[in-house]
**Student:** 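One structure is given below, represented as structure tokens, and several questions about it will come after.
Order of the sequence lines fixes the chain letters, A, B, ..., with proteins taken first and strands second; residue numbering starts at 1 for each chain. Here the structure is a predicted model, which means the values were calculated and not measured.
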Number of protein chains: 2
Amino acid sequence: MARMIEKSDPLLRAQKLVGKKFDLLIIDSISSRKGRSHFNEIVKDIPTINPRILSIRLKDLERNNLITKSLVLGTPVKTEYALTDSAERLGEIISELKKWAEKHK
Amino acid sequence: MARMIEKSDPLLRAQKLVGKKFDLLIIDSISSRKGRSHFNEIVKDIPTINPRILSIRLKDLERNNLITKSLVLGTPVKTEYALTDSAERLGEIISELKKWAEKHK
DNA sequence: CGGGATCCCAGGCGATACTG
DNA sequence: CAGTATCGCCTGGGATCCCG
């Protein structure tokens, strides 16, 4: 008999993947720019984030296959963050969550 | 011209409403019991939660109109927590989030 | 432009014990 | 059964400055 303990497992997993303070905001920001953003564009969308945190979160999201990072050569070199397919699907859920939050109460 | 600053407002709002560690787990637990649960039933569903935290979270969720609390007279008296309509709608989003988390990667 | 290095801080959470 | 009382911790995040 399987353990009931695992009833909430998928949610715990979601939490580990995108549960930190700015994670959904970051994904939503990239999503709103059609799936590709530069570092400072995200900062513009989330004025309260600080570069250190953004940097940490981006790396973590990358490790977890939510975003990909690529370099755009030129002067200066730019970085470009893009959502993975999975993260784009999450983006739709985030969009529903936003609608929900706006209506709530 | 509206402030761009507010681009991520609904998400920040959602975060304040249900952004703490166990919030989604609690709502999902009640939801899985057809919208009504007792204190210790929630504890059974979320073995890692401790009574103090659950108590705090339930009060906060109640204040924010996500759950309602009522007493069921009898011996002993029981408390019953139910989801509000709004929280039930959130429950559907949580359900999608769970599916997403299971498929991811 | 896109970060890294340091230092610091609060608050959210864990553990344990107790109660109406 | 359904919580409350204490206490301590630790991690995530804020502030500031700096660099290739």
Side-chain angles (χ1 to χ4, degrees), chain A residues 5 8 11-30 33 36-64 66-83, chain B residues 5 8 11-30 33 36-64 66-83:
Chain A
I5 320 249
S8 47
L11 277 181
L12 292 177
R13 178 167 165 67
Q15 201 161 43
K16 283 181 183 170
L17 289 168
V18 293
K20 300 280 161 57
K21 184 171 181 185
F22 293 103
D23 290 345
L24 297 188
L25 265 38
I26 292 169
I27 290 169
D28 190 55
S29 162
I30 301 177
R33 292 177 185 276
R36 338 202 106 249
S37 297
H38 303 295
F39 192 92
N40 284 324
E41 289 180 333
I42 302 174
V43 173
K44 270 175 206 154
D45 287 346
I46 314 174
T48 61
I49 205 170
N50 94 44
R52 186 181 71 93
I53 302 298
L54 180 54
S55 176
I56 292 172
R57 296 286 78 227
L58 286 171
K59 272 176 196 155
D60 216 39
L61 292 172
E62 193 189 357
R63 276 193 344 159
N64 289 322
L66 287 151
I67 60 177
T68 57
K69 175 181 180 174
S70 55
L71 295 181
V72 181
L73 299 179
T75 320
V77 173
K78 289 194 170 194
T79 56
E80 188 167 84
Y81 294 96
L83 297 185
Chain B
I5 320 255
S8 46
L11 277 181
L12 292 177
R13 178 168 165 66
Q15 202 161 42
K16 283 180 184 172
L17 290 169
V18 292
K20 300 281 161 55
K21 184 172 180 184
F22 294 103
D23 291 345
L24 297 188
L25 266 37
I26 291 169
I27 290 169
D28 189 53
S29 163
I30 301 178
R33 292 177 186 276
R36 338 202 108 248
S37 297
H38 303 294
F39 193 92
N40 285 324
E41 289 180 333
I42 303 174
V43 173
K44 269 174 208 156
D45 287 347
I46 314 173
T48 61
I49 204 170
N50 90 48
R52 186 180 72 94
I53 302 297
L54 179 54
S55 176
I56 292 171
R57 293 287 80 226
L58 286 171
K59 272 175 196 158
D60 216 40
L61 292 172
E62 193 188 357
R63 275 193 347 159
N64 289 323
L66 286 152
I67 61 177
T68 58
K69 176 181 180 174
S70 55
L71 295 182
V72 180
L73 299 180
T75 318
V77 173
K78 289 192 170 197
T79 55
E80 188 167 83
Y81 294 96
L83 297 183

**Student:** Which whole-number value in Å describes the distance from A:E62 CD to C:dG2 P?
**Tutor:** 15 Å
**Student:** When you check the phosphate oxygens OP1 and OP2 of C:dG3, does a side-chain N or O of A:Y81 lie under 4.0 Å from one of them?
**Tutor:** yes
**Student:** Any pair with a residue in residues 53-62 of chain A that passes side-chain hydrogen bond (donor to acceptor under 3.5 Å, both in side chains), sequence neighbours left out, goes on the list, sorted by first then second residue, please.
**Tutor:** A:D23-A:R57, A:R57-A:D60, A:D60-A:R63
**Student:** Rounded to the nearest Å, what distance is computed from the CG atom of residue B:L58 to the C1' atom of nucleotide D:dC1?
**Tutor:** 14 Å
**Student:** Using the test side-chain hydrogen bond (donor to acceptor under 3.5 Å, both in side chains), find all partners of B:E80 that sit at least two apart in sequence or belong to another chain.
**Tutor:** B:R36
**Student:** How bent is the helix from C:dC1-D:dG20 to C:dG20-D:dC1, measuring the angle between the end axes built from five pairs each, rounded to 10°?
**Tutor:** 60°
**Student:** Using the test side-chain hydrogen bond (donor to acceptor under 3.5 Å, both in side chains), find all partners of B:R52 that sit at least two apart in sequence or belong to another chain.
**Tutor:** none
**Student:** Mark up nucleotides 4-20 of chain C, 5' to 3', with B wherever a protein heavy atom is under 4.0 angstrom from a base atom, S wherever such an atom reaches only the sugar-phosphate, and - elsewhere.
**Tutor:** SBB-----SBBB-----
**Student:** How many Å lie between CD1 on B:I26 and P on D:dA2, as a whole number?
**Tutor:** 15 Å
**Student:** D:dA2 P sits how many Å from B:L54 CG, rounded?
**Tutor:** 10 Å
**Student:** Show me the side-chain donor-acceptor pairs of residues 67-76 of chain B shorter than 3.5 Å, one per line, residues at least two apart or across chains.
**Tutor:**
none

**Student:** Can you tell me if the side-chain N/O atoms of B:T79 get under 4.0 Å from OP1 or OP2 in D:dC1?
**Tutor:** no
**Student:** How many whole angstroms separate atom NE2 of A:H38 from atom P of C:dC1?
**Tutor:** 11 Å
**Student:** Measure across A:I42 and A:S37 and return the closest heavy-atom pair with its distance rounded to 0.1 Å.
**Tutor:** CG1-CB, 3.9 Å
**Student:** Taking DNA chain D as the partner, which of residues 66-78 of chain A come within under 4.0 angstrom of it by heavy atom?
**Tutor:** none
